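Structure first, commentary second.
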There are 2 protein chains.
Amino acid sequence: MLFTTKTEYGLKALGFLAKSKLKEPVSLGEISRQTGISLSYLEQIFSKLKKGGVVLSLKGADGGYVLARSAKQINLFDIIESIEGDLEIFYCMANGGCSSRGCLTKKVWVDLQGTITKTLKKYKLSDLI
Amino acid sequence: MLFTTKTEYGLKALGFLAKSKLKEPVSLGEISRQTGISLSYLEQIFSKLKKGGVVLSLKGADGGYVLARSAKQINLFDIIESIEGDLEIFYCMANGGCSSRGCLTKKVWVDLQGTITKTLKKYKLSDLI
DNA sequence: ATATTACTGAGTAATTTACTAGGATATGCT
DNA sequence: AGCATATCCTAGTAAATTACTCAGTAATAT
């Protein structure tokens with residue numbers, strides 16, 4: 001499985017956020033009610049999305065989250081990278097690169113990584129709503 | 001992680017098989033000695049590769065495995081599909097397709113799936129040795 | 001016969017995933 | 001000031017997956 005449920009839920013939640021025409025922040029409680037995703041799980045996901053610069057937050061009463069920029073300017077790579085971290089395709093690449101001389105997979109890995117990245121950058125959050 | 005160690009080891013082992021100029025079958029014991037991968041794990045991997053039509057086997061003394069066709073005619077998609085089964089990128093696709101009307105990810109999934117498949121079909125086993 | 005090999009299925013330890021729980025901290029409202 | 005509503009932060013845990021090992025059976029060349 002390339003992506004976890006966090007990415008799936010994250011996309012769903014962000015889609016909901018993007019649809020909200022209000023300029024006011026939307027609380028995770030509201031998103032939770034509308035999407036069925038648990039509040040505490042949403043908190044984990046949005047913490048990553050905030051660190052990744054995809055959303056902005058406002059604490060306190062009437063607080064919540066807003067997209068950091070328009071849905072047209074947020075691509076899926078931004079979102080997925082925020083949530084999943086760097087995609088690692090082969091174990092031999094996991095620790096800062098393959099060091100064994102006989103490694104056969106590096107070339108493919110680099111190509112595949114690039115291909116996936118390119119595809120994910122092609123899609124914007126606005127394409128999903 | 002897109003692929004497991006089985007794929008990594010499988011590629012390594014197949015690379016070794018492809019390099020062997022002998023037309024005689026190579027035993028997993030030999031591959032194990034040369035690659036450091038345990039015999040029993042290789043057995044699991046080659047069982048899948050055989051089911052997937054990538055290798056042929058010969059039982060008994062002096063038996064072993066041979067590539068089912070030339071290394072130029074075996075692409076990485078064949079190998080990886082044999083070992084990993086179908087790639088599933090999102091959970092919502094796991095059970096025979098996403099059924100919820102509001103699913104946002106199907107379009108991307110299909111595209112990404114196609115992109116990955118295409119890239120993997122581009123590379124042949126012979127490219128890796 | 002015996003050694004050598006593929007083949008099979010079950011079992012297990014480690015890791016990752018998918019969550020939940022409990023609190024601390026910030027902010028608007030009365 | 002104090003309460004309700006939020007984000008934020010750190011652990012913890014159950015289920016699933018991964019990464020193997022082990023013990024045995026079946027086939028075949030010598």
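Sequence lines set the chain letters: A, B, ... in the order given, protein chains first and strands last, and positions in each chain run from 1. When reading the values below, keep in mind they use all heavy atoms of this one structure, side chains included, and skip hydrogens, waters and symmetry mates. These numbers were taken from a predicted model, which means no experiment stands behind them.
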Please tabulate, one pair per line, all N/O donor-acceptor pairs under 3.5 Å involving side-chain atoms of residues 43-60 of chain B, not counting sequence neighbours.
residue: Gln44(B); atom: OE1; partner: Lys6(B); partner atom: NZ; Å: 3.1
residue: Lys50(B); atom: NZ; partner: Ser57(B); partner atom: OG; Å: 3.1

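- Residues forming a side chain to side chain donor-acceptor pair (under 3.5 Å) with Ser70(A) (at least two apart in sequence, or on another chain): Gln73(A).
- Backbone-only contact: Gly64(B) has heavy atoms under 4.0 Å from sugar-phosphate atoms and none from a base.
- Partners of Asp62(A) by side chain to side chain contact (heavy atoms under 4.5 Å, CB included), not counting sequence neighbours: none found.
- Applying the ring-ring contact (aromatic ring centres under 6.0 Å, His included) test to every pair with at least one member in residues 67-86 of chain A, sequence neighbours left out, gives no pairs at all.
- Judged as a side chain to side chain contact (heavy atoms under 4.5 Å, CB included), and not counting sequence neighbours, the contacts of Glu84(A) are Phe3(A), Thr4(A), Thr7(A), Ile80(A).
- The side chain to side chain donor-acceptor pair (under 3.5 Å) check on Lys122(A) picks up Asp111(B), with sequence neighbours excluded.
- At its two ends the helix from dA1(C)-dT30(D) to dT30(C)-dA1(D) runs along axes set 10° apart, each axis drawn from five pairs and the angle rounded to 10°.
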Output a table of nitrogen or oxygen pairs between the protein and nucleotides 21-27 of chain C separated by less than 3.5 Å.
residue: dA26(C); atom: O4'; partner: Lys59(A); partner atom: NZ; Å: 3.4
residue: dT27(C); atom: O2; partner: Ala61(A); partner atom: N; Å: 3.2

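- Counting only residues at least two apart or on different chains, the salt bridge (charged side-chain N to carboxylate O under 4.0 Å, His left out) pairs with a member in residues 24-34 of chain A are Glu30(A)-Arg33(A).
- Under the ring-ring contact (aromatic ring centres under 6.0 Å, His included) criterion, the residue pairs touching residues 20-42 of chain A are Tyr9(A)-Tyr41(A), with sequence neighbours excluded.
- The stretch residues 45-54 of chain B has no heavy atom under 4.0 angstrom from DNA chain D at all.
- For Asn75(A), there are no side chain to side chain donor-acceptor pair (under 3.5 Å) partners two or more places apart in sequence or in a different chain.
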